[in-house]
Amino acid sequence: MNATNLPATSRMRRPRATQEPAWVRWTLIGLALAFLTLFLFVPLILVFYEALKKGADVYFAAIIEPDALSAIRLTLTVAAIAVPLNLIFGIAAAWAIAKFEFRGKSLLITLIDLPFSVSPVVSGLIYVLIFGLQGWLGPWLAEHDIQVIFAVSGIVLATVFVTVPFIARELIPLMQAQGTEEEEAAVALGANGWQTFSRVTLPNIKWGLLYGTILCNARAMGEFGAVSVVSGHIRGSTNTLPLHVEILYNEYNFAAAFAVASLLALLALVTLALKTVVESRITQHKENANEHRGA
Amino acid sequence: MSTFKQHSILPGFNLALGFTLLYLSLIVLIPLSAAFIRTTELTWEEFWFAVTTPRVLASYRLTFGAAFAAALVNAVFGLLVAWVLVRYRFPGKKLIDALVDLPFALPTAVAGIALTALYAGNGWIGQYLEPLGIKVAFTPIGVFVALTFIGLPFVVRTVQPVLEDIESELEEAAAMLGANRLQTFLRIIFPTIFPALMTGFALAFARAIGEYGSVIFIAGNMPMVSEITPLLIITKLEQYDYAGATALAVVMLVISFILLLVINLLQWWGRRRSALA
């Protein structure tokens, strides 16, 4: 149909009456770019500049040093536990919320979003109140020689808390928009629950799932405040990459701090690149789906 | 039970909802309620005293003041960035659009040390501000700078889709009726994007008041001057003042919940607006 082409062309070339004069356009573009340069691009460039200022030797020495390697290992371990847990949660929550009608649904959605509005420091503190020595389970845990606070399990818990909403909030609107007809058809044709999910739902949501996972992973690897409260900053043992950056920086070892920080900055850039690719796939997927429905 | 859930032939509802509720309770709800239950160990007077000492009040003033100022700057410049990204074409636009989300993806500790190095007396930007008598790093202005950085994407990302959806017919009609561009912007475009702008402002503000990682490096953390409330919670915790730390955490939680409610109302308002339009 022609109608689908029309908005695209009209967006390309707006009528002159709804277009600002060139000098206004370029002033606004200049102002926006100046703001972004000052607050985004310069800090980003500075991380890599400071990291490499003293040469590649110093840079690599800071990264392959045993404490740094153990921080990298811990960060990867924590993400490898927290992300799959929230992936399973996200799928379960989205399945219940998007495919069924029940009372209290909007309250449930708000509860899922809750960790986003809690300060990272408070997110860590609440686990200290439960598992810490003075916490509810503290005496019992001490008796059985189990340590949660100042140990890896505390770091995992705090990380899971701050990353709970990421995958669920990507999947819920996506699965709601897709409706239930395709799954109902599959069930009517005799598919069981797992077949319906893996062959009908999963192909439809795979890009959204990937998108949420990428964002969840970035936050899991980069979380600082919540992890800082429960970790105890024990070098080589409960130190994640962001905490290692802090320790090095507070020791005035700036070159090493920025070298380790540059790894995290690279992670952020890779995250943004993947996110952009997946976003364009999602738009494509939506357009294809709309075409199918239109035809 | 039948009034609780509408009938469906799809399987897995009990399992999915049961798991969701169990997971949320264990990870989110029970730990959060711990903060509230632990504060009941304090009497009302003790609680009130703990959350209103002069040092705590100074931290509220700094946290909320800097968060408000940062959210305001982000509202103005976020609207500008969203406008430029939606309406104009210029080289590097796609790259810049993708990089707007950097503060979401960059760990806060990295942002903190980068901004500190930038604005310190010998830093790339600090060295030009110092002779003018403007100190940014290790002052409340530094807190404002860090909070502006981490709140930057919120307004851009809430306003951008609304701006993309505005029909050009409305603007054409306004032009035919004799409005100039500024009038069209103020009377047609701005009212349409206003709910989204407010939502973005509230999101940036809510994020900023809880922020810790990017602030502590640049703030200098002087009691009464440049100490934010989340840091004060950690300080109390390190002094084994669990009751004091928990009382402050409850104040922060209550404020977060109120802001969450406000944000939900703003989003509902925005949806209703766009449904009417």
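Sequence lines set the chain letters: A, B, ... in the order given, protein chains first and strands last, and positions in each chain run from 1.
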Legend entry - B:S256 (side chain) donor-acceptor with A:S117 (main chain) under 3.5 angstrom: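 Side chain of B:S256 to backbone of A:S117, a donor-acceptor pair under 3.5 Å: yes, one is there.
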Engaged part of [X] at the chain B interface, taking heavy atoms whose separation is under 4.5 Å:
X      : answer
A:L129 : both
A:Y249 : side chain
A:L133 : neither
A:F89  : both
A:R25  : both
A:V260 : neither
A:L85  : both
A:F131 : neither
A:K275 : side chain
A:P120 : both
A:I112 : both

Picking from [options], which has the most non-hydrogen pairs under 4.5 angstrom with chain B?
options                        : value
A:V122, A:V187, A:L46          : A:L46
A:P43, A:A218, A:G135, A:G193  : A:P43
A:L241, A:V164, A:L114, A:V245 : A:L114
A:W26, A:W194, A:F100          : A:F100
A:F254, A:F197, A:F41          : A:F41
A:L33, A:T180, A:L125, A:V128  : A:L125

Any heavy-atom pair between the side chains of [Y] and [X] that's under 4.5 Å?
X      : Y      : value
B:F13  : A:W95  : no
A:F224 : B:I216 : yes
A:L36  : B:L152 : yes
A:E20  : B:W83  : yes
B:F104 : A:L215 : no
A:L108 : B:L21  : yes
B:Y23  : A:N86  : yes
A:F116 : B:R207 : no

Inset, instruction - Going by the side-chain contact (heavy atoms from CB on, under 4.5 Å) test, name the single residue among B:V100, B:D101, B:L95 that passes it with A:L272. - result: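 In the set B:V100, B:D101, B:L95, the residue that makes a side-chain contact (heavy atoms from CB on, under 4.5 Å) with A:L272 is B:D101.
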[options]: which one forms the most heavy-atom pairs within less than 4.5 Å of chain A?
options                      : result
B:I37, B:L248, B:V250        : B:I37
B:G213, B:A245, B:G210       : B:G210
B:N180, B:I30, B:T184, B:I96 : B:I96
B:P103, B:G78, B:P230        : B:P230
B:S8, B:A34, B:A175          : B:A34

Inset, instruction - Over 60° means perpendicular and under 30° means parallel, so classify the ring planes of B:F77 and A:F35, tilted if in between. - result: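 Geometry flag for B:F77 against A:F35: parallel rings.
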Inset, instruction - Report, as yes or no, whether the 6.0 Å neighbourhood of atom NZ on B:K94 holds more than 12 heavy atoms from other residues, nucleotides or ligands. - result: no
Legend entry - Check: B:Y240/A:Q134 side-chain N/O donor and acceptor closer than 3.5 Å: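 Per modelled atom types, B:Y240 and A:Q134 side chains form no pair under 3.5 Å.
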